[in-house]
Every structure is written in C-alpha cells, then in structure tokens.
Asks: 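One structure, pasted below without further comment.
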Protein chains: 2
Amino acid sequence: MSHDRLECAAQIREQGFRVTPQRLLLLDAICEGNGHTTFDEIYERVKSKAPGINQATVYRSLDFLCELRLVVSAEIEGRTVYEIAGETPHHHLVCRKCGAVQDLADFHFEELRSHLLEEHGFKTDLDHMVLNGLCAGCMKNQS
Amino acid sequence: MSHDRLECAAQIREQGFRVTPQRLLLLDAICEGNGHTTFDEIYERVKSKAPGINQATVYRSLDFLCELRLVVSAEIEGRTVYEIAGETPHHHLVCRKCGAVQDLADFHFEELRSHLLEEHGFKTDLDHMVLNGLCAGCMKNQS
DNA sequence: ATTACTGCAAAGGATTTGCATGTGA
DNA sequence: TCACATGCAAATCCTTTGCAGTAAT
C-alpha cells in the first residue's frame with residue numbers, strides 16, 4: 001500500500017531516465033489518494049506543493065510512469081484514474097447508480113485467466129479491471 | 001447476428017420517438033461491421049449513402065440508440081465501439097500487440113457474476129467486457 | 001399542427017505537440 | 001557537457017450545444 005520513493009527512483013534511473021522532482025511529486029500525489037486518483041486530483045495536489053508545474057508535464061509524466069509500470073491506469077466511468085503499481089493486484093466494482101468504488105481481490109479472476117490461456121491461448125492482463133453494476137445499497141433502494 | 005429494421009423501428013416508435021432515415025442508416029452501418037464499429041467507420045459508411053449527414057447527428061443518434069438499448073457500446077483501447085444489441089451477450093479479447101479483437105462467449109463469466117452477487121451483494125452488468133492481453137499469435141512471435 | 005429531429009456553426013474540454021529553456025547524470 | 005525534461009503556448013482532436021429550419025406522427 002505504500003510506495004517507496006527510493007525504489008521508484010532507482011527503477012527510473014536504472015532504465016536510463018531521470019529522477020526529477022516533478023516525477024517524485026507525482027508519485028506522492030497518486031499515493032495520497034484512496035487508490036483511484038483522477039488527473040485533476042493529481043494536478044491539484046502537485047500544484048499545491050509546486051505551483052509552477054505545468055499540465056503538460058503532468059500528462060507526459062503520467063504516461064511515462066505508466067510505461068515504466070510504476071503506475072497503472074484504469075477507465076472508470078469515462079475518466080482515467082491512476083494508482084501506484086506493485087500493490088497486490090486488484091480490481092474495481094463501480095456502482096453505476098451511486099458511483100461508489102470498491103476494490104475486488106484478484107483471486108476471483110484466477111480461474112478465468114487460466115481458462116482463457118488454456119482454451120484460447122490468450123494471455124489476459126486482467127489487471128485493474130473495472131466492473132460496473134449495482135451495489136448492494138442501491139439494489140435495496142431500487143426494489 | 002442480424003438486425004431487423006422493422007423491429008427496431010417499432011421499438012423506437014413505441015417509446016414515442018421518431019423513426020428517421022438517419023437512425024435507420026446508422027443501424028445499418030453498425031450492422032455492416034464485424035461487430036466492433038468505431039464512430040469514424042459509422043460516420044463514413046452513413047456518409048457514403050447520405051452525404052448530407054452531420055457528425056453531430058451521428059453523435060446524437062448513437063447516444064439515442066444506446067439509451068434505447070438498441071445499440072451497445074464498449075471502450076476498446078480508448079476508442080468507443082458500437083454494436084447492435086440483442087445479439088447473444090458476449091465479450092471481447094483485445095490483443096495489446098496486434099490489436100486483433102475476438103469475441104468471447106458469456107458463459108465464462110457466469111461463475112464470477114453469481115459469486116459477486118452472493119458474496120458482495122453486487123450485481124454486475126458484466127456486459128461487453130473488454131479484456132486486454134496477448135493473443136496466441138503474438139505470444140509465439142514474442143518468445 | 002405539433003414538436004422531435006437534423007444541419008450548421010461555434011463553443012467547449014481534454015490531450016498533444018513544437019520549441020526554447022532548464023537541469024539531472 | 002549534453003541529452004532528457006520541463007514550461008509555455010498553440011494546435012489538435014473529439015464531443016457537445018444553441019438555434020433555426022425540417023420532417024415524422
């Protein structure tokens with residue numbers, strides 16, 4: 001659940017890229033969230049610590065961090081959200097009514113994953129899936 | 001796999017909306033595809049038959065048809081794709097390398113669906129899921 | 001005769017890009 | 001030092017909106 005600045009920095013440097021304050025701030029900002037941080041949230045958080053930062057830099061650095069797999073992204077209701085990678089793999093249940101997001105452990109997908117590999121020869125990422133639906137609360141209120 | 005203009009028209013009229021040539025052309029255009037038709041493809045196809053049609057109309061009509069559930073949409077690699085609804089429910093395997101899309105029968109998800117309902121009280125739509133990964137061909141070429 | 005729908009053009013928002021400057025290695 | 005990154009501003013892309021005219025019922 002925690003991200004380690006040092007380790008991230010090492011990985012960035014290892015691959016021949018540069019450790020900049022902006023990139024570290026971004027990692028911090030993504031980490032601060034409850035796990036599903038939008039671009040705007042990230043931008044605001046970083047700007048509060050480094051007012052001079054530019055949106056373009058945030059876009060570029062997010063892409064960069066995603067490519068290095070230090071950060072992962074998912075699409076939730078049309079918005080791209082970011083999370084620190086390397087945490088235990090998990091997925092998201094998004095209620096289409098109230099918008100609540102809850103995490104879902106990865107083991108639910110293990111069978112599907114191995115099945116697709118054996119039967120279809122398809123190696124799914126199955127990473128950070130977003131499942132839409134109706135949460136328990138909203139189902140009650142609806143019926 | 002086929003769409004029935006008459007039935008669609010009936011459903012539109014039933015709900016108090018109007019059956020316009022544009023809407024019928026859109027349905028045809030979506031149907032012509034292999035099942036995952038992008039906005040641009042739809043727009044081009046319709047324009048070839050009715051050059052006067054406007055992009056805004058296509059956007060509006062697609063939204064309209066989706067709301068009536070005559071058409072369903074999914075996000076594949078950042079692009080929204082459309083399909084005629086009412087076909088047997090299915091999902092998509094998208095290769096992140098070559099971009100190939102193959103259909104996946106729904107039954108693979110039945111267990112997950114019921115499990116989430118019982119265990120988490122969460123009723124997933126699990127409709128038109130898009131699973132990214134590596135297809136058999138690309139896996140071979142990579143290793 | 002209504003009023004939903006379309007076409008047009010302009011607005012809006014999100015993301016990308018070119019280029020000069022700055023900075024980490 | 002020198003290539004990688006950043007900041008800035010403009011460009012681009014996708015989608016939405018207001019409004020006047022058109023057409024389905």
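Chain identifiers are assigned alphabetically (A, B, ...) following the order of the sequence lines, protein sequences preceding nucleic acid strands; residue numbering begins at 1 within each chain. Quick caveat: nothing in here was measured; it's all calculated off a predicted structure.
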Asks: Tabulate below the donor-acceptor pairs under 3.5 Å that side-chain atoms of residues 14-22 of chain B make, not counting sequence neighbours, or state none.
Replies:
| from | atom 1 | to | atom 2 | distance (Å) |
| --- | --- | --- | --- | --- |
| B/T20 | OG1 | B/R23 | N | 3.2 |

Asks: Can you tell me how far CG of B/L93 sits from CZ of A/F122, rounded to the nearest 0.5 angstrom?
Replies: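 If I round to the nearest 0.5 Å, the distance is 4.5 Å.
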Asks: Is the backbone N or O of A/T38 less than 3.5 Å from a side-chain atom of A/E41, with the two atoms forming a donor-acceptor pair by type?
Replies: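 A pair under 3.5 Å: yes.
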Asks: B/L25 CG to C/dT6 P: how many Å, rounded?
Replies: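 Atom CG in B/L25 sits about 11 Å away from atom P in C/dT6.
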Asks: Through what angle, rounded to 10 degrees, does the axis of the helix from C/dA1-D/dT25 to C/dA25-D/dT1 turn between its ends, using five pairs per end?
Replies: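 Rounded value for the end-axis angle: 40°.
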Asks: Treat primed atoms plus P, OP1 and OP2 as sugar-phosphate and everything else as base, then score nucleotides 15-25 of chain C 5' to 3': B for base contact with protein heavy atoms under 4.0 Å, S for sugar-phosphate contact only, - for none.
Replies: BBBB----BBS
Asks: How about A/E7: does its CD atom have over 12 heavy atoms from other parts shown lying under 6.0 Å from it?
Replies: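 For A/E7, atom CD is not crowded (no more than 12 foreign heavy atoms under 6.0 Å).
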Asks: Any chance the side chains of A/Q102 and A/H92 put a donor and an acceptor closer than 3.5 Å?
Replies: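 Absent: no donor and acceptor within the cut-off.
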Asks: Hey, would you say the B/H108 and B/H90 ring centroids sit under 6.0 Å apart?
Replies: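 No; B/H90 has its ring centre 6.0 Å or more from that of B/H108.
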Asks: Closer than 4.0 angstrom, basic N to acidic O: yes or no for B/D28 and B/K49?
Replies: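 A salt bridge is absent here (no side-chain N lies under 4.0 Å from a carboxylate O).
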Asks: Using the heavy-atom set of chain B and a strict 4.0 Å cut-off, write down the first and last nucleotide of DNA chain D that makes it in, 5' to 3'.
Replies: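 Contact boundaries, 5' end first: D/dC14 to D/dT25.
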Asks: Which pairs of donor and acceptor atoms, one on a side chain in residues 56-76 of chain A, lie under 3.5 Å apart (sequence neighbours left out)?
Replies:
| from | atom 1 | to | atom 2 | distance (Å) |
| --- | --- | --- | --- | --- |
| A/S61 | OG | A/T57 | O | 2.7 |
| A/E75 | OE2 | A/T80 | OG1 | 2.8 |

Asks: Using a 4.0 Å heavy-atom cut-off, does A/G16 contact any base of the nucleic acid, only the sugar-phosphate backbone, or nothing at all?
Replies: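 No contact.
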Asks: Evaluate B/E32 against B/R45 for side chain to side chain contact (heavy atoms under 4.5 Å, CB included), listing each step before the verdict.
Replies: CA-CA 9 Å; B/E32 268 178 45; B/R45 275 181 210 152; 3.2 Å; yes
Asks: Please enumerate all residues that pass salt bridge (charged side-chain N to carboxylate O under 4.0 Å, His left out) together with B/D106, with sequence neighbours excluded.
Replies: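 If we apply the salt bridge (charged side-chain N to carboxylate O under 4.0 Å, His left out) test to B/D106, skipping adjacent residues, the hits are B/R113.
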